[in-house]
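The model shown is predicted, which means the values in this text are computed figures rather than measured ones. All values below come from the heavy atoms of this structure, side chains included, with hydrogens, waters and symmetry mates left out. Labels below follow one simple rule: chain letters A, B, ... track the order of the sequence lines, proteins then strands, and each chain is numbered from 1.
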Protein chains: 2
Amino acid sequence: MDINTEIIENNRTQMRRGVLEYSILLILAGGDEYASSIIQKMKDVNIIVAEGTIYPLLIRLKKLGLLNYRWEESPQGPPRKYYMITDFGRQQLDGLDSAWDELARGIEIIRNVSKHNLR
Amino acid sequence: MDINTEIIENNRTQMRRGVLEYSILLILAGGDEYASSIIQKMKDVNIIVAEGTIYPLLIRLKKLGLLNYRWEESPQGPPRKYYMITDFGRQQLDGLDSAWDELARGIEIIRNVSKHNLR
DNA sequence: TTGAATACCTTGCAACACAAGGTACTGAAA
DNA sequence: TTTCAGTACCTTGTGTTGCAAGGTATTCAA
């Protein structure tokens with residue numbers, strides 16, 4: 001990768017990392033999913049997550065009491081671990097909604113100031 | 001801090017980290033600033049950065065060719081290191097604008113799907 | 001019984017934010 | 001003229017965390 005795209009890709013990754021937990025909770029608030037399907041849904045909106053990221057993360061979120069899971073047979077292949085969001089998880093999700101809104105508003109502001117000046 | 005606010009604060013921090021470089025470039029695209037004033041401007045929009053974060057970061061961005069600096073006398077106290085964005089920096093900033101827009105769009109989408117289903 | 005597809009999980013490394021601790025310059029007060 | 005407060009710069013060490021790589025297990029079909 002040349003340096004031109006590297007810096008941007010790097011930051012794109014960095015930005016994504018910031019919203020990993022948030023997006024997982026958002027997705028699970030819309031319905032139960034298993035790891036691979038979460039990865040796919042995030043990929044669909046261009047938020048790339050690796051397996052090595054999501055499995056430990058789901059375990060952590062479960063430990064924190066934000067998630068639970070149940071095993072479910074798969075049409076083919078090994079059984080799937082369906083994660084579901086808990087009441088506590090939903091409660092936390094509300095806070096994350098605000099956190100995201102606040103960040104987005106902040107970026108919006110410095111963006112506008114920046115444009116208003118020299119750009 | 002109780003666990004209720006801890007999880008949210010933690011994620012708020014995580015989200016902020018994702019946009020650190022982006023916000024610095026945004027601010028410098030609006031005019032030259034020195035470290036402390038950058039910290040202040042970010043604080044104004046609720047993006048908190050520590051000194052121990054920003055100094056190494058500015059050095060890194062300079063090394064990458066995104067920034068330059070000049071020394072300038074201060075009305076009182078030691079001289080200030082004013083950072084300015086380079087042409088290359090502006091060019092990269094365009095890419096970061098897109099990266100941010102894309103992420104925001106992604107979050108928007110999964111948010112809506114989530115609401116449309118169960119929330 | 002071998003192979004492909006799907007699913008789960010762990011280990012080790014590297015990046016990075018930041019708390020803590022430090023230096024240095026200025027001007028004013030004691 | 002020393003001391004203090006304010007401002008500004010910088011570095012070190014630590015803890016967290018994302019992820020590439022490598023691994024196991026299940027199912028079904030060829």
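A straight line from CD of B:Q40 to P of D:dA8 spans 11 Å, rounded to a whole angstrom. Atom CD1 of A:I54 and atom P of C:dT10 are 15 Å apart (whole Å). In this entry the distance linking CG of B:L20 with P of C:dA15 reads 18 Å, nearest Å. The distance from atom CD1 of B:I39 to atom C1' of D:dA8 is 10 Å, rounded to the nearest whole Å. Between the CD1 atom of A:I48 and the C1' atom of D:dA20 there is a distance of 15 Å, rounded to whole Å. For the pair B:R16 CZ and C:dC16 P, the interatomic distance rounds to 19 Å; values are reported in whole Å. Taking atom CD of B:E72 as the reference point, atom P of D:dA8 lies 12 Å away to the nearest angstrom. The nearest whole Å value for the distance from the CG atom in B:L58 to the P atom in C:dC16 is 15 Å.
A cation-pi geometry, defined here as NZ or CZ lying under 6.0 Å from the six-membered ring centre and within 45° of its normal, holds between A:K81 and A:Y69.
Under 4.0 angstrom from either OP1 or OP2 of D:dA8 there lies at least one side-chain N or O belonging to B:Y34. Between A:T13 and the phosphate of D:dG18, there is no side-chain N or O to OP1/OP2 separation shorter than 4.0 Å. The phosphate of D:dA8 (OP1 or OP2) has a side-chain N or O of B:R80 nearer than 4.0 angstrom.
For the residue pair B:Q40 / B:D44, a side-chain donor-acceptor distance below 3.5 Å is found, with atom types taken as modelled.
Taking 4.5 Å as the limit, every side-chain heavy atom of B:R17 sits out of range of all side-chain heavy atoms of A:R17. With a 4.5 Å cut-off on side-chain heavy atoms, B:W100 and A:M15 count as touching. Using a 4.5 Å cut-off on side-chain heavy atoms (C-beta onward), B:E6 and B:E9 make no contact.
Position along DNA chain D of the nearest nucleotide to B:Y82 versus B:R17 favours B:Y82 as the more 5'-ward residue. Sequence order on DNA chain C of the closest nucleotides to B:E21 and A:S37 puts A:S37 first from the 5' end.
For B:S74, the side-chain contact (heavy atoms from CB on, under 4.5 Å) criterion is met by B:R80, not counting sequence neighbours.
The 12-atom threshold is not exceeded at CG of B:D87, counting heavy atoms of other residues, nucleotides or ligands nearer than 6.0 Å.
In this structure, of C:dT10, C:dC16, C:dA19, it is C:dA19 that holds the atom nearest to the side chain of B:A50. Nearest nucleotide to the A:K81 side chain, out of C:dC16, D:dC10, C:dC9: C:dC9. With D:dC9, D:dT17, C:dT10 as the choices, the nucleotide that has an atom nearest any side-chain atom of B:A35 turns out to be D:dC9.
Looking at every heavy atom in both residues, B:I39 comes nearest to B:V49 through CG2-O, 3.7 Å.
As judged by a 4.0 angstrom heavy-atom cut-off over every strand, B:L57 is placed among residues making no nucleic acid contact. A:T53 comes within 4.0 angstrom of a nucleotide base, judged by non-hydrogen atoms across all strands.
Counting atom types as modelled, B:E51 pairs no side-chain N or O with a base atom of C:dC18 as donor and acceptor under 3.5 Å.
The structure places OG1 of B:T86 at 8.5 Å from CG of B:L25, a figure rounded to the nearest 0.5 Å.
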Checklist entry - For every nucleotide of nucleotides 23-28 of chain C, 5' to 3': is a protein heavy atom under 4.0 Å from its base (B), only from its sugar-phosphate (S), or from neither (-)? => result --BS--
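Annotation: proximity of residues 60-70 of chain A to DNA chain C (heavy atom, distance under 4.0 Å) is found for no residue.
Of the possible polar contacts, one joining the A:R111 side chain to the B:D97 backbone as a donor-acceptor pair under 3.5 Å is found.
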